[in-house]
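See below for the structure under consideration.
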Amino acid sequence: MQRTRRDMKEKNGITLEVLRHSTAHVMAQAVKDLYRDVKLAIGPAIEDGFYYDFDATERFSEDDLEKIEKRMAEIVREDLPFERQEMPREEAIEFFRKRGEPYKVELLEEMEDETVSLYSQGDFVDLCRGPHVPSTGKIGAFKLLSLAGAYWRGDERNKMLQRIYGTAFFDKKSLRQYLRHLEEAKKRDHRKLGKELDLYSISEDVGPGLIHWHPKGARVRNIIETFWRQAHYDNGYELLYTPHIGRSELWQRSGHLDFYRESMYAPMNIDENNYFVKPMNCPFHIQIYNSQLRSYRDLPLRWAELGTVYRYEKGGVLHGLLRVRGFTQDDAHIFCTPEQIEDEILEVLRFSLYLWRCFGFEDITAYLATRPEKAVGDPKRWEQAMKSLEKAVEAEGLSCEIDEGGGAFYGPKIDLKIRDAIGREWQTTTIQFDFNLPERFDMTFTGADGEKHRPYMVHRALLGSIERFFGILVEHYAGAFPLWLAPVQVRVMTITDKQKAFAAEVLESLKKARIRAEADFRNEKLGFKIREAQVQKIPYALVIGDREVENRQVSPRGRGNLTLPSMDVETFISRIREESQVMGQTIL
RNA sequence: GCCAACGUAGCUCAGCUGGUAGAGCAGCUGAUUCGUAAUCAGCAGGUCGGCGGUUCGAGUCCGCUCGUUGGCUCCA
């Protein structure tokens, strides 16, 4: 599916971007034709299509989209040429002022060019750099997709405009393919699957953005966390547990109350002191660091915690498991000496890539964010930190994009984005230097010279948060978890009541072998039981009929419709054992 | 937080312009014991998100509120 995007980028020298931008113009023309008092804002091509923002007295509805599409089709049929015209900027300002297009005037007033270009088709004129397709007839397959509010120039202090999203392709087939892709994404939606597979829920009575893990979801989470803990111990980390609340003085000192307060919940008063629920784990880890004198011989310290934090997120941004108010970070802090920093960063990056491979993600891109204008910390340290990040990315051969000045004020960082089974990118891993907190908490270690030195501090979350990661995992596998993660690995089913006794025996053997198995001994037809197991995406159905009882065997049927030959229970168990390994390990 | 839409049984959804709620699946009961994606029948299940208003009468109209969805903004 990603292929379509690349293959179809260009046709007859026209890029998809040009086609979409032209389609946006046609849509704007249609909207102007159909509604009065419509003022044009901007209408660019975007990743998967285009949009145009309008300021209109009329409120558009879903039905309007169809009407606009129809009018667009007419304009395409008319095959109006796109005509370019150049004009001195001052003249253009006058032109658009007369046409009652204040947004265009505002854009023009801020432009520095002497002359600007206008594009017109029919009686529609728009300020535009171009280029466009030669005529509206060249526009192929398009569809309007959705309606949304959008602030003028993306600033929430500005007026809210009406945005119409659409997409366009060179031909109908590609459009259909894209729409199918959207359907596929909908089918994989973790909110839908979360309900269907009984993984988690959000209760209105408890509050939005707060996750309840049901037995099956909790089972998967437990496997993830067990694996995660083991992997951390194996890779030189120690694990911590820290409190959920801390006094206001702590958050004052850390700077959170000054810089992060709007994301923190109101304090609770305990014995005349204000306590805040933690939005981050770092101050606590620092407390542990500072609980004794540290020598350079102790470093590096790598301390990890599955730390549950709470952050206030605006109501409109909450989204299933992907954007929540309470979540568990797979957090860690690395404290080390300047000499150790390069190795440490490389190790973190390697470890992260290893974890992603274990969970079935291979396509990963790095994003490096460098020093912003306003920053704290010694520039020399920034430079060393940047170098260690760059080196690590290079050593691992990752493709990398650089966000100049995009780092936080307290340190540079690498973020990783992983691509899922249907080509979508998710931001997950973040590895951040922190030059701020060690200062604020006066963290030190004693060097070989007997002097106090400031340690480097690196903050990292690899999976990001367990909630979000779980949501991504559900969508990546479309709910069909690989065997090692599947909440239920095997469902044992009888054909008639006659086989119950042997089936129960089989179930017992599986459970003894720590295989996650459950029974379906109901008085139902086999087809019915198979169907339910398939719908629940259970990796194996074990069918037990008279034949199996007689031979003391089981007949496994895999999720992908494959029926395996009958085998005895022990053979099946070792088969499951083998298949449920991750990187040579069995997680039980 | 902002714009828009939506909120009816556990789930998916129907209910025209206001006349006191309906289907399928799931659940329960019974029959059936049937070899790889749905056996049949019966029963039960809802203060129509919440509060207030208009009306003789509100699931249906209005206001407020909570929540969800799609975006925008935000994500030091």
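Predicted model, so just to flag it, every value in this text is computed and none were measured. By convention in this document, chain letters (A, B, ...) are assigned in the order of the sequence lines, proteins followed by strands, and residues within each chain are numbered from 1.
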### Query
Looking only at side-chain N and O atoms, does A/Arg59 come under 4.0 Å of OP1 or OP2 in B/rA4?
yes

#### Entry: Neighbour count >12 (heavy atoms, 6.0 Å) for atom NZ, A/Lys143
no

### Message
In whole Å, I'd like the distance from the CG atom of A/Leu322 to the P atom of B/rU68.
### Response
14 Å

### Message
From C-beta outward on A/Ala148, which listed nucleotide comes closest to its side chain: B/rA37, B/rU39, B/rG70?
### Response
B/rG70

## Note on the structure
Rounded to whole Å, the CZ-C1' distance (A/Arg522 to B/rA31) equals 17 Å

### Query
Is the shortest side-chain N to carboxylate O distance from A/Glu106 to A/Lys159 below 4.0 Å?
no

### Task
Quote, to the nearest angstrom, the C1' distance that separates B/rG59 from B/rG19.
13 Å

### Query
If you check the A/Val543 side chain, which of B/rC3, B/rG1, B/rG35 turns out closest?
B/rG35

### Summary
Winner on side-chain proximity to A/Lys525, out of B/rU39, B/rC74, B/rU68, is B/rU39

### Query
What's the CD-P distance between A/Glu66 and B/rA5, to the nearest Å?
17 Å

### Message
If you assign A/Ser566 and A/Leu161 each to the RNA chain B nucleotide with the nearest heavy atom, which residue ends up on the more 5' nucleotide?
### Response
A/Leu161

## Note on the structure
By nearest-nucleotide position on RNA chain B, the 5'-leaning member of A/Asn436 and A/Gly316 is A/Gly316

#### Entry: Whole-angstrom distance between B/rG24 and B/rU60, as gauged at atom C1'
24 Å

#### Entry: Candidate list A/Phe327, A/Trp356, A/Trp426, test ring-ring contact (aromatic ring centres under 6.0 Å, His included), partner A/Phe469, passing option
A/Trp356

### Task
Can you tell me the distance, in whole Å, between the CG atom of A/Asp546 and the P atom of B/rG35?
9 Å

### Query
At under 4.0 Å between heavy atoms, what does A/Ser555 touch on the DNA or RNA strands: base, sugar-phosphate, or nothing?
base

### Any A/Leu145 side-chain heavy atom under 4.5 Å of A/Leu179 side chain
yes

### Task
Just call it for A/Glu262: base, sugar-phosphate, or nothing, with non-hydrogen atoms closer than 4.0 Å on any strand.
nothing

### Query
Quantified in whole Å, what is the P atom distance between nucleotide B/rG1 and nucleotide B/rC40?
49 Å

### Query
When you check the gap from the basic side-chain N to the acidic O, do A/Asp64 and A/Lys67 get nearer than 4.0 Å?
yes

### Task
Give a yes or no answer on whether the side chain of A/Arg552 reaches the backbone of A/Val569 with a donor-acceptor pair at less than 3.5 Å.
no

### Message
Can you measure A/His459 atom NE2 to B/rC75 atom C1' for me and round it to whole angstrom units?
### Response
13 Å

### Query
Between B/rU36, B/rA38, B/rC72, which nucleotide has the shortest distance from any of its atoms to the side chain of A/Phe528?
B/rA38

### Message
Taking 4.0 Å as the cut-off, does a side-chain nitrogen or oxygen of A/His319 come that near to OP1 or OP2 on B/rG70?
### Response
yes

### Query
What nucleic acid atoms does A/Gly545 come within less than 4.0 Å of, heavy atoms only: base, sugar-phosphate, or nothing?
base

### Task
Would you please classify the geometry between the A/Phe259 ring and the A/Phe409 ring as parallel, tilted or perpendicular, with 30° and 60° separating the classes?
tilted

### Euclidean distance for C1', B/rG10 against B/rC2 (whole angstrom)
34 Å

### Query
How far, in whole Å, is B/rG15 from B/rA9 if one measures between their C1' atoms?
14 Å

### Query
Taking atom P in both B/rU73 and B/rU17, what distance in whole Å separates the two?
37 Å

### Message
Check this for me: does any side-chain nitrogen of one of A/Asp155 and A/Arg157 sit under 4.0 Å from a carboxylate oxygen of the other?
### Response
yes

### Query
How far apart are the closest heavy atoms of A/Leu144 and A/Glu69, and which atoms are they?
N-OE2, 2.7 Å

### Message
Can you classify the ring geometry of A/Tyr52 versus A/Phe54 as parallel (below 30°), tilted (30 to 60°) or perpendicular (above 60°)?
### Response
parallel

### Summary
A/Met160 has its side chain closest, among B/rC2, B/rA37, B/rU73, to B/rC2

### Query
Does OP1 or OP2 of B/rA37 have a side-chain N or O of A/Arg557 closer than 4.0 Å?
yes

### Task
Evaluate the ring planes of A/His285 and A/His333, with Trp represented by its six-membered ring, and classify them as parallel (under 30°), tilted (30 to 60°) or perpendicular (over 60°).
perpendicular

### Query
For residues 188-207 of chain A, which residues have at least one heavy atom under 4.0 Å from RNA chain B?
A/Arg191, A/Lys195, A/Glu204

### Query
Does the B/rG35 base have a donor-acceptor partner in the side chain of A/Glu548 within less than 3.5 Å?
yes

### Task
May I have the distance from A/Asp415 (atom CG) to B/rC75 (atom P), rounded to whole angstrom?
14 Å

### Task
Classify every nucleotide of nucleotides 40-45 of chain B by which part a protein heavy atom approaches to under 4.0 Å, writing B for the base, S for the sugar-phosphate alone and - for neither, in 5'-to-3' order.
------

### Task
Mark yes or no for a side-chain to base donor-acceptor pair under 3.5 Å between A/Arg323 and B/rC74, with no hydrogen or angle criteria applied.
yes

### Summary
Closest of B/rC3, B/rA37, B/rG70 to the A/Arg531 side chain is B/rA37

### Query
Parallel, tilted or perpendicular: which fits the ring planes of A/Phe470 and A/Trp213, with parallel below 30° and perpendicular above 60°?
tilted

### Message
Side chain of A/Tyr165, heavy atoms from C-beta onward: which of B/rC72, B/rG67, B/rC3 has the nearest atom to it?
### Response
B/rC72

### Message
Minimum heavy-atom separation for A/Arg454 and A/Met443, please, with both atom names.
### Response
NH1-O, 2.8 Å

### Message
When the P atoms of B/rG35 and B/rG7 are compared, how many Å lie between them, rounded to an integer?
### Response
45 Å

#### Entry: Among A/Arg188, A/Arg180, A/His181, side-chain hydrogen bond (donor to acceptor under 3.5 Å, both in side chains) partner for A/Glu184
A/Arg188

### Task
Grab the CG-P distance between A/Leu526 and B/rC34 for me, whole Å please.
12 Å

### Task
Classify the ring geometry between A/Phe169 and A/Tyr178 as parallel (under 30°), tilted (30 to 60°) or perpendicular (over 60°).
tilted

### Task
Report yes if a donor N or O on one partner sits less than 3.5 Å from an acceptor N or O on the other, where the partners are the side chain of A/Tyr151 and the base of B/rG71; otherwise report no.
no

### Message
What is the distance, to the nearest angstrom, from the CG atom on A/Asp53 to the P atom on B/rG70?
### Response
19 Å

### Task
Considering only atom P, compute the distance from B/rA58 to B/rG52 and round it to an integer number of Å.
13 Å

### Message
Please give the stem ranges for RNA chain B, sorted by first residue number, where a stem is three or more consecutive Watson-Crick or G-U pairs and both donor-acceptor distances are under 3.5 Å.
### Response
B:1-7 with B:66-72, B:10-13 with B:22-25, B:27-31 with B:39-43, B:49-53 with B:61-65

